[in-house]
Amino acid sequence: MPFLLRGLNKKAFRRVRVSALIERTDGDLVTAALRGDTRAFGVLVKRYMRPGYLVALSVTGNAEDAEDVAQEAFLVALERLEDCRDRERFGGWFLTIVRNRARNLLRRERLRRGEGLSPEIVSGTGGPDVDLKRLELREQLERGMEGLSEVRREVLLLHDLEGWKHREIAERLGMPDGTVRSHLHFARRHLRGYLEGLPGRTPSGEES
Amino acid sequence: MPMEALDPGASDPRFWARFHVRAMEQAQAELGRRQAYARLTIPEVVFSWRRTLVPTALMAAALAGILLLGQGEASVPLSPLALEEALTQDLVVEPIPSILGRGDELDEPVFLHLVGGF
């Protein structure tokens with residue numbers, strides 16, 4: 001056995017340890033995070049930062065607010081980790097925290113949203129024209145989603161953007177599988193209809 | 001539908017890496033606190049109580065001492081009284097009519113008058 005280990009360097013050991021951590025269940029990671037295990041908490045953040053952001057976006061309808069809410073929710077979840085009774089269902093519990101914080105933010109900042117702050121332009125790799133088009137599309141999608149209920153926005157984003165399966169969404173949001181499918185169907189239909197009605201857009205919502 | 005436009009990582013490839021770093025920075029203090037608690041041993045926990053436990057015990061002992069001393073000064077020694085004195089002290093006594101020495105002249109109604117006031 002020692003001659004096998006001699007060939008492996010420290011980096012390889014670390015890669016094996018990290019990949020083993022990524023494969024662990026939510027329950028194992030939460031148990032480790034309760035003891036202050038930084039790596040385990042890091043995996044939880046990586047696993048739920050996108051869904052957390054999307055759920056926050058579905059409530060606030062604003063990218064900047066969604067980012068702030070999702071960031072704060074991780075700290076709140078860590079501070080109240082003992083309250084997560086079923087550690088294997090950390091995902092659903094965490095998304096509930098995100099949702100509640102997003103709603104609280106909405107209540108506090110209704111006036112600010114009413115004044116309509118202009119979004120900042122994010123510089124990407126495609127040049128200024130691509131950035132503007134992407135920003136415009138984002139605004140159109142956000143406006144289209146305003147006509148949806150909060151739960152339908154959430155289902156649409158978690159399925160179409162995050163790639164969650166119907167069963168995963170049903171479990172995390174605490175609703176039947178059929179209800180998830182129904183919400184998704186209506187959300188897509190509404191958004192498609194909204195985008196089709198915009199000038200310069202094809203029936204699939206693509207730019208003509 | 002072009003939903004990817006809603007993903008901030010689509011226009012900024014380093015967005016999610018920065019998000020992760022910021023979240024972990026904010027969590028550092030809480031993670032450190034949890035690590036410290038996880039390392040504590042029983043003697044360390046008991047020793048950590050010294051700051052509150054010892055002064056509290058001293059104060060309780062001082063208070064008990066003050067109370068006991070106060071009780072000792074206030075007590076007055078009681079003098080034992082004879083039973084008769086205790087029974088008759090402060091009583092207003094009238095002489096009982098001496099009826100035992102009289103003979104048959106004392107009939108019932110007179111007896112009742114003299115003794116019972118009837």
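Values reported hereafter were calculated over all heavy atoms of this structure, with side chains retained and with hydrogens, waters and symmetry mates removed. In what follows, every chain begins at residue 1, and chains take the letters A, B, ... in the order their sequences are listed.
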Taken in chain and number order and not counting sequence neighbours, the residues that satisfy salt bridge (Lys or Arg N to Asp or Glu O under 4.0 Å) with A/Arg35 are none
To the nearest 0.5 Å, atom CG of A/Asp37 lies from atom CZ of B/Arg34 at 12.0 Å
CG of A/Leu137 to CG of B/Leu6, rounded to nearest 0.5 Å, is 7.5 Å
Closest non-hydrogen contact found for B/Phe19 with A/Gln71 is O-NE2, 3.1 Å
Those residues of residues 75-92 of chain A that come under 4.5 Å of chain B on a heavy-atom basis, listed by number, are A/Leu75, A/Leu78, A/Glu79, A/Leu81, A/Glu82
The interface call for A/Ala70 against chain B, heavy-atom contacts under 4.5 Å, is both
In this structure, CZ of A/Phe41 is separated from CD of B/Gln28 (nearest 0.5 Å) by 10.0 Å
Between B/His20 and A/Lys46, the two heavy atoms sitting closest are CD2-N, 3.8 Å
For A/Arg50, the side chain to side chain contact (heavy atoms under 4.5 Å, CB included) test, sequence neighbours excluded, returns A/Glu162, B/Asp7, B/Trp16
Under 4.5 Å to a heavy atom of chain A? For B/Ala38 that would be side chain
Taken in chain and number order and not counting sequence neighbours, the residues that satisfy ring pair (Phe, Tyr, Trp, His ring centres under 6.0 Å) with A/His190 are none
For B/Met3 and A/Leu191, the nearest pair of non-hydrogen atoms, with its separation, is SD-CD2, 3.8 Å
